[in-house]
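Below is one structure, written out as C-alpha cells; the observations come after it.
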Amino acid sequence: MATFQTLPGFREFYPDVLARRNHIFRLWRQTAHTFGFAEYDAPVLEPLELYKTKSGDEIEAQLFSFTDKGGREVALRPEMTPTVCRLVGDKAATLKRPIKWFSIAEFYRYERMQKGRGRCFFQFNADIFGEPGVEAETELIALLAQCLCSFGLTEHDFYIRLSDRNLWFYYLEALGLDEARVRGVLTAVDRYEKLGDDAFKAYAEQFGALSDELKGKILAFLQVKSLAALEATVAAVGGDKLAARLSDWRKLLGNLDAMGLSRFVEVDLGVVRGLAYYTGFVFEAFDRKGELRALAGGGRYDNLVGKLGYAELPAVGFAIGDMTFALLLEQRGLMPTLVQAPDVYAVIGGEKERLAAFADIHALRASGFRVDYPMKEIAFGKQFKAAAESGAKLALIYGGDELAKGVVKIRNLADRSELEVPKAQLHATVRDFLSHD
RNA sequence: GCGGCCAUAGCUCAGCUGGUUAGAGCACAAGAUUGUGGAUCUUGGGGUCGCGGGUUCGAACCCCGUUGGCCGCCCCA
C-alpha cells in the first residue's frame, strides 16, 4: 500500500473525533454569545512581519513560514492576538465600545510534539478592546470560567491563577531596581516554580547576585497567595502607585466574588506569563491535579495595538487551547459519547417496495428528520439488525404486505411495538412520536 | 535543538535462545436466513513485520542508519 503519512504533529479528524471537537466548539461558541461577544475570523496565512513585530525575530524559528510565489514572506498564524489587533486597529474609530470579540480558529507552530501540544491546534480566543478598567478583566475571567463550567467542570477540576505584572513592576521599582533588572527578575519569577533557586542564575550572571535582603523580599512577594497577604507585603514597602494598584485588585476580586467565581480564582504572583507584551493583570487556568499543561492563559496588553502602528487602544484577552482541554474532559469522564444516529431507519423488501419507500424517505428528510436506509437489497433480519445498530428510534417497514395494503408499518425499536398507519398519516405519526420522545 | 522508551492486520497484542507458508481476539464483509434485533456458527478480505542497509545457510527477532510515535528538557505567543 502506498503510504503518505500525515505531517508530524498534524491531526486528522475522523467522524467520531470530529464529533467531540464540534461538541467543544459548540459550547464555547454558545457561552461566548451569552456574554455578548461577537464572533470573527481572519486569514490563516499572514505576513511574517506581523509576528516579528509583536514577538521579535526569534519567533520565526517556531513558525511555519515560507516565501510565497509573489516573493512575500508569510507565515501560518501561530496565534490570533496580532491579527485581531489589526482587525480592531483598522476600524477602531467606527467600532462601538466596548469591543467584545471571540473566535475559534486553528493555529500552527513548528514545535516538538508533546502531550497536549501539537503543531496544529485550535484555540478559543476572546478579547475586549477599549476598556482600561478592571471591568474588562472581570468579564473575561468570568467568560473563561464559564467556558470550562459549561462542560460540567467544577472548582474541583480547575482553577485560575491571577497575577499582575504592574504590581511586580511597582514593587520592584520601589525596591530600587531599574527596568532592565525588573525584567530580569520577572524572568526568574516565571521560572521559579520549575527551577527553584536556579531560576535566579541568569539574573546573577547579567546583573550580579541579588542581596539576601532583596531576594527575600522578592521571594516573599512571589509566595503571596491572598489579597490579605498582598496588602500586608505592599504596606511594608509603601508608595502611591502600589496603593492605587491595590484598589484595582480589591475591585476585581470583589467583582468576581459577586459573580460567585471566587472559588475558581486564586491570587498567585508566581504567574507572570513569560514574554513581555502583557502590561497588567495576567491569569492562567490549570487543572487542579496539576497533571496537565495550562488550559488557558491571558492578560492585559494595552500597548500592542499601538505597537502594530495603530492608535493606542487598551486590550485584555485570553485563549483556551483545544488539546489540553479535551484531555481534561476525557480524564474527568465529561466527554459525551456522541453518535450521529438517524431518527428513523427504513426496512425495505424489494425493488418495488424500495421505490415506494423513496417517496416517504425523501419527504421526511425534506421536513428535517434524519432518515437512513440500506443501499443494497438485503435480508430483513439483517436490516432490523442494521436499524437497531444505527441508533434510530423508529423503523419504517416497507414489505410486500404493506405495499398491497397502502400502509407503512412503524416499529418502535426500543420496545419493539409495531403499528400500521396509512401512508398519508406517516409524516404526522413520525413527528408525534419523535417530539414526545 | 537535546535525551529516554517504542514500532507485527483497521484496533489490542502474541510470536520461544534466529529455523518451513507470521498468528489470535476484536472490528469489517459474505453465508446459514426472501418478513422481525446488538446472539451463534461457518467462511472471507485484509501484512512489502515502519523504511533502508548489514551480519547469517537462514532475520519479525541480532547490529547500524533512518522515518514516525510516546514521554521529558528547551520553548510555550
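By convention in this document, chain letters (A, B, ...) are assigned in the order of the sequence lines, proteins followed by strands, and residues within each chain are numbered from 1.
For F358(A) and Y373(A), the distance between ring centers is under 6.0 angstrom.
No hydrogens or angles were tested; on distance alone, a donor-acceptor pair under 3.5 Å links the side chain of E402(A) to the base of G35(B). Within 3.5 Å, no donor on the side chain of R112(A) pairs with an acceptor on the base of C75(B), nor the reverse. Residue-to-nucleotide contacts include a donor-acceptor pair under 3.5 Å from the side chain of R293(A) to the base of C76(B).
Test K54(A), K52(A), R77(A), R86(A) against E46(A) for salt bridge (Lys or Arg N to Asp or Glu O under 4.0 Å) and you get one pass: R86(A).
Among the nucleotides A77(B), C70(B), G72(B), the one closest to the side chain of Q114(A) is G72(B). Closest to the side chain of R411(A), out of A77(B), U36(B), C74(B), is U36(B). Relative to the side chain of E79(A), the nucleotides A77(B), C74(B), G35(B) differ in distance, and A77(B) lies closest. Side-chain proximity of D401(A) to the nucleotides A77(B), C76(B), G35(B) is greatest for G35(B). With G37(B), G69(B), C74(B) as the choices, the nucleotide that has an atom nearest any side-chain atom of P8(A) turns out to be G69(B). The side chain of K115(A) sits closest to G72(B) out of A77(B), G72(B), G38(B).
When the side-chain nitrogen and oxygen atoms of R191(A) are compared with OP1 and OP2 of C75(B), one or more of them lie within a distance under 4.0 Å. Taking only side-chain nitrogens and oxygens, K385(A) comes nearer than 4.0 Å to OP1 or OP2 of A39(B). Residue K382(A) places no side-chain N or O under 4.0 Å from the OP1 or OP2 atom of A32(B).
Base pairing analysis places G37(B) opposite nothing; no Watson-Crick or G-U wobble pair with both distances below 3.5 Å involves it. Both distances falling under 3.5 Å, in either a Watson-Crick or a G-U wobble arrangement, occur for no nucleotide opposite U20(B). The base-pairing partner of A9(B), taking Watson-Crick or G-U wobble contacts with both distances under 3.5 Å, does not exist among the strands shown. With a cut-off of 3.5 Å on both pairing distances, the Watson-Crick or G-U wobble partner of U43(B) is A29(B). For C73(B), the paired base is G1(B) (Watson-Crick or G-U wobble, both distances below 3.5 Å). When both distances must be under 3.5 Å, the Watson-Crick or G-U wobble mate of U66(B) is G50(B).
For R181(A) and Y203(A), the positive end is not near the middle of the six-membered ring at less than 6.0 Å and at most 45° from its axis.
Between M113(A) atom CE and G72(B) atom P the separation is 12 Å, expressed in whole Å.
Using a 4.0 Å heavy-atom distance criterion, Q383(A) is classed as making no nucleic acid contact. Among the heavy atoms of the strands lying under 4.0 Å from G400(A) is at least one base atom, whether or not backbone atoms are also near. Among the protein residues, P78(A) comes within range of the nucleic acid bases, having at least one heavy atom under 4.0 Å from a base atom. The residue K376(A) sits close only to the backbone: its heavy atoms come under 4.0 Å of sugar-phosphate atoms, none of a base. Within 4.0 Å of G9(A), counting heavy atoms only, lie sugar-phosphate atoms of the nucleic acid but no base atom.
Residue-to-nucleotide proximity on RNA chain B shows that, of G399(A) and L63(A), the 5′-proximal contact is made by G399(A).
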